Visitor: 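Input: one structure, supplied below.
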Amino acid sequence: MTITSPHIGSSKAWTDAQLLYALEEVVEKELNRHLKVAKDWMPHEYVPFTDGRNFPGVFEDGEAWETSQSKVTDIGRIALVVNLLTEDNLPSYHHEIASLFGRDGAWGTWVHRWTAEEGRHGIVMRDYLLTSRAVDPDKLEQFRMAHMAEGFESDNRHSMLHSVAYVAFQELATRVSHRNTGHQSGDPVCDRMLARIATDENLHMVFYRNLLGAAFELAPDLTMQSVRDVVVDFRMPGHGMPGFERAAAQMAIGEIYNMRIHHDDVIQPVLRYLKVLDIDGLGPEGLKAQEELGLYMSGLDSEASKFDEKLAARKARLAARANQG
């Protein structure tokens with residue numbers, strides 16, 4: 001695939017304002033496609049309200065939370081809290097993308113539609129967690145307050161292209177995390193709920209992925225550099241929440257999200273679909289970024305293989321102990 005910059009001689013000449021204007025038509029096209037395929041759904045239809053009962057507080061008959069009340073597995077509980085706290089920061093995410101993309105025209109319509117759809121995710125997850133007593137409600141609220149009080153500042157707020165590249169990968173990462181959490185939750189109700197959320201996240205990924213593809217057509221060198229930077233320095237948006245590192249390590253061992261999943265199910269699919277490592281006709285800076293991206297992906301694959309080996313060894317040890325018992 002040969003791509004050259006048809007509008008301005010060097011992609012370095014593009015400003016954020018120029019790119020926003022140049023991509024407006026693509027945004028409108030992708031928005032219309034999204035609205036045709038996206039299906040409205042009701043969060044309350046995924047919540048087992050008949051399982052709910054009062055917690056202590058203003059209700060005299062309130063029943064204190066205990067771990068034994070939950071159908072959800074331990075790793076499912078950890079991942080659900082991480083996923084919900086991530087969704088809780090939606091006001092900050094909206095502020096970030098509205099500041100970058102604007103609130104007018106097709107860009108603005110997308111920003112508000114995306115925010116409205118994402119809002120459902122936090123609603124249904126919290127209702128499910130509290131109704132099913134899957135988590136300690138007091139700790140959940142304490143974590144939410146601490147996380148949101150810290151605020152959120154995107155690593156890529158300095159550049160519209162970096163932001164588009166980031167969300168193309170991050171939306172897929174979120175989809176994978178939700179889907180795997182459902183599989184590992186031990187509760188079919190939870191699995192169905194997270195499958196519904198994952199469907200939304202996948203559609204959001206497609207929107208941004210296609211927009212990223214259009215950016216490669218306009219400014220290949222600059223877009224390649226943005227993708228390299230984002231992939232090399234990628235962090236999930238919930239990295240600042242209380243206890244995130246420990247929870248992330250547990251989720252890695254629990255095969256909800258780890259290096260192998262990140263490489264195989266998140267980064268590679270986007271790169272492969274857009275044929276990022278096969279693009280030619282790049283200038284010196286774009287070619288350098290492409291080469292560095294390829295080297296990074298090889299290194300990530302090697303690190304993921306080492307993790308796979310450690311995880312397999314851990315499983316073998318646990319199986320041996322179980323057999324001895």
Side-chain angles (χ1 to χ4, degrees), residues 1-34 91-115 151-172 204-235 237 267 270-271 273-294 296:
M1 179 170 66
T2 302
I3 297 178
T4 57
S5 181
H7 291 81
I8 297 180
S10 168
S11 61
K12 291 182 179 179
W14 286 101
T15 65
D16 275 4
Q18 288 173 322
L19 282 167
L20 283 167
Y21 179 78
L23 289 169
E24 177 92 20
E25 186 175 335
V26 180
V27 172
E28 184 175 3
K29 174 186 173 183
E30 289 301 315
L31 173 62
N32 290 334
R33 180 198 53 76
H34 176 84
S92 289
Y93 307 148
H94 174 85
H95 173 76
E96 292 283 326
I97 66 171
S99 298
L100 279 165
F101 300 155
R103 301 178 61 179
D104 299 319
W107 281 105
T109 302
W110 167 254
V111 166
H112 294 303
R113 174 73 189 198
W114 174 87
T115 302
F152 173 81
E153 189 171 287
S154 170
D155 294 333
N156 302 288
R157 66 184 310 180
H158 63 287
S159 160
M160 188 276 284
L161 265 185
H162 280 74
S163 297
V164 170
Y166 176 74
V167 289
F169 295 105
Q170 182 268 321
E171 292 283 3
L172 184 52
H204 296 164
M205 178 277 294
V206 170
F207 178 95
Y208 287 118
R209 183 197 64 192
N210 293 351
L211 192 58
L212 186 62
F216 268 115
E217 295 283 349
L218 288 172
D221 288 350
L222 205 58
T223 305
M224 186 67 73
Q225 293 172 70
S226 298
V227 170
R228 173 204 57 195
D229 294 346
V230 164
V231 169
V232 170
D233 297 324
F234 185 87
R235 296 195 297 176
I267 304 299
V270 176
L271 296 182
Y273 183 87
L274 297 176
K275 298 181 173 62
V276 173
L277 297 178
D278 297 324
I279 293 173
D280 53 22
L282 296 166
E285 290 301 316
L287 184 59
K288 177 185 175 185
Q290 187 183 49
E291 291 173 347
E292 290 175 348
L293 178 61
Y296 177 81

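Note that the structure is predicted; figures quoted are calculated from it, not measured.
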Visitor: How many angstroms lie between CG in L222 and CD in E285, if you round to the nearest 0.5 Å?
Guide: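 It comes to 10.5 Å.
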Visitor: Grab the two heavy atoms, one from W14 and one from L218, that are nearest each other, plus how far apart they are.
Guide: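 Smallest heavy-atom distance, with atoms named: NE1-O, 3.3 Å.
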Visitor: Can you check whether E291 reaches L287 side chain to side chain, under 4.5 Å on heavy atoms?
Guide: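 Yes, side chains in contact.
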Visitor: Any donor and acceptor pair, going by atom type alone, linking the side chain of D16 with main-chain N or O of M160 inside 3.5 Å?
Guide: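 Yes, because the side chain of D16 sits within donor-acceptor range (under 3.5 Å) of the backbone of M160.
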Visitor: Donor-acceptor pair, distance only, cut-off 3.5 Å: does the side chain of Q18 make one with the backbone of T15?
Guide: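 Judged by distance alone, yes, a pair lies under 3.5 Å.
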Visitor: Under a 4.0 Å threshold between the charged nitrogen and the carboxylate oxygen, would E30 count as salt-bridged to R33?
Guide: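 Yes.
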Visitor: What's the shortest heavy-atom distance between A215 and L161, and which atoms?
Guide: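 In terms of heavy atoms, the two residues are closest at CB-CD2, 3.6 Å.
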Visitor: Name all pairs fulfilling the side-chain hydrogen bond (donor to acceptor under 3.5 Å, both in side chains) condition that reach into residues 96-109, sequence neighbours left out, sorted by first residue then second.
Guide: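 Qualifying pairs: none.
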Visitor: Side-chain contact test, heavy atoms from C-beta onward, threshold under 4.5 Å: evaluate it for W114 versus Y93 and give yes or no.
Guide: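 A side-chain contact exists here, since the closest heavy-atom pair is under 4.5 Å.
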Visitor: What do you reckon, is OH of Y273 surrounded by more than 12 foreign heavy atoms closer than 6.0 Å?
Guide: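 Count not over threshold, so no.
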Visitor: Looking at D221, is its backbone amide N or carbonyl O close enough to the side chain of Q225 to form a donor-acceptor pair, meaning the two atoms are under 3.5 Å apart?
Guide: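 Such a contact is found between Q225 side chain and D221 backbone.
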Visitor: Any heavy-atom pair between the side chains of L271 and L293 that's under 4.5 Å?
Guide: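 They are in side-chain contact.
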Visitor: Looking only at heavy atoms, which two atoms of V111 and G102 are closest? And how far apart?
Guide: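 Scanning both residues completely, I find the closest heavy atoms to be CG2-O, 3.9 Å.
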Visitor: What distance do M205 atom CE and F169 atom CZ have between them, rounded to the nearest 0.5 Å?
Guide: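 The CZ atom of F169 is 10.5 Å from CE of M205, to the nearest 0.5 Å.
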Visitor: Taking atom NE2 of H34 as the centre, does the number of heavy atoms from other residues, nucleotides or ligands within less than 6.0 Å exceed 12?
Guide: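 Yes, the 6.0 Å shell around NE2 holds more than 12 heavy atoms from other groups.
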Visitor: Specify the closest pair of heavy atoms between L277 and G294, including all atoms of both residues, with the distance to one decimal.
Guide: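 Between these two residues, the closest heavy atoms are CD2-N, 3.9 Å.
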Visitor: Given T223, which of L212, V164, L19 fulfils the side-chain contact (heavy atoms from CB on, under 4.5 Å) condition?
Guide: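 Looking at L212, V164, L19, the match for T223 under the side-chain contact (heavy atoms from CB on, under 4.5 Å) is L212.
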Visitor: With the side chain counted from C-beta on, respond yes when H94 and H112 share a heavy-atom pair under 4.5 Å apart, and no when they do not.
Guide: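 With C-beta onward as the side chain, the pair touches.
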Visitor: Distance-only check: which donor-acceptor pairs under 3.5 Å involve side-chain atoms of residues 227-234, not counting sequence neighbours?
Guide:
{"unit_1": "R228", "atom_1": "NH1", "unit_2": "E292", "atom_2": "OE1", "d": "2.9"}
{"unit_1": "D229", "atom_1": "OD2", "unit_2": "H162", "atom_2": "NE2", "d": "2.9"}

Visitor: Give the minimum heavy-atom separation between A106 and L31, together with the two atoms involved.
Guide: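 Reported closest heavy-atom pair: O-CD2, 4.1 Å.
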Visitor: Is it the case that the side chain of S163 and the backbone of N156 share a donor-acceptor pair, with hydrogens and angles ignored and the cut-off at 3.5 Å?
Guide: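 Yes; judged by distance alone, with no hydrogens or angles, the pair exists.
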Visitor: Please confirm whether W110 and F207 have ring centers closer than 6.0 angstrom.
Guide: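 Yes, the ring of W110 comes within the 6.0 Å limit of the ring of F207, centre to centre.
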Visitor: What's the spacing between K275 NZ and D280 CG if we round to 0.5 Å?
Guide: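 These two atoms lie 12.5 Å from each other.
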Visitor: Give the C-alpha distance, both sets of side-chain angles, the deciding distance and a yes or no for side chain to side chain contact (heavy atoms under 4.5 Å, CB included) between L20 and F101.
Guide: CA-CA 7 Å; L20 283 167; F101 300 155; 4.2 Å; yes
Visitor: Would you check, one step at a time, whether the test side chain to side chain contact (heavy atoms under 4.5 Å, CB included) holds for V270 with L172?
Guide: CA-CA 9 Å; V270 176; L172 184 52; 4.0 Å; yes
Visitor: Roughly how far apart are F216 CZ and L274 CG, rounded to 0.5 Å?
Guide: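 Between atom CZ of F216 and atom CG of L274 there are 6.5 Å.
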Visitor: If you compare all heavy atoms of V276 against all heavy atoms of Q290, which two are closest, and at what distance to 0.1 Å?
Guide: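 Closest approach of V276 to Q290: O-NE2, 2.9 Å.
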